[in-house]
Amino acid sequence: MEAADIARIKAYHRPRPWWLLRHGCTCGAKHWPCDAVLAARDAESRANQPAMEERMRMIIKRQYGR
């Protein structure tokens, strides 16, 4: 999933306000987070995974001198 798609999904899929008396997502899904938001979050975490692994390697090298 492209970064623009992730940003669009996160911008337009929001929980409905409580005063509308219907719970769920603004896209019409009956639950929050809807499947689109879950897919966007999953794709975003997979995209950030290599950067997180590199940071952890750097921290371990600093701490243990390896």
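What you see is a predicted model, and the numbers here were worked out from it, not measured in a lab.
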Separation between CD (Q63) and CE (M56), nearest 0.5 Å, reads 9.0 Å
In short, I9 meets A36 closest at the heavy-atom pair CG2-O, 3.6 Å
Of all heavy-atom pairs linking L38 and P33, the shortest is CD2-CG, 3.7 Å
Query - Transitive ILVMFWY side-chain link M1 to V37, under 4.5 Å - result: yes
Sorted by chain and number, sequence neighbours left out, side chain to side chain donor-acceptor pair (under 3.5 Å) with D5 holds for none
Cluster membership besides M52, Ile/Leu/Val/Met/Phe/Trp/Tyr side chains within less than 4.5 angstrom, sorted by chain and number, is none
The complete set of side-chain hydrogen bond (donor to acceptor under 3.5 Å, both in side chains) pairs with one or both residues in residues 28-37, sequence neighbours excluded, reads none
Output for pair (H13 NE2, C34 SG), nearest 0.5 Å, gives 5.0 Å
Original post:
Counting only N and O atoms by type, is there a donor-acceptor contact under 3.5 Å from the side chain of R16 to the main-chain atoms of H23?
Top reply: no
What one should report as the nearest heavy-atom pair of P15 and T26 is O-CG2, 4.2 Å
Under a side-chain separation threshold of 4.5 Å, the hydrophobic residues clustered together with Y12 are none
Here the salt bridge (Lys or Arg N to Asp or Glu O under 4.0 Å) pairs for residues 37-53, sequence neighbours left out, are K10-E44, D42-R46, E53-R57
Residues passing the side chain to side chain contact (heavy atoms under 4.5 Å, CB included) test with A47, sequence neighbours excluded, are none
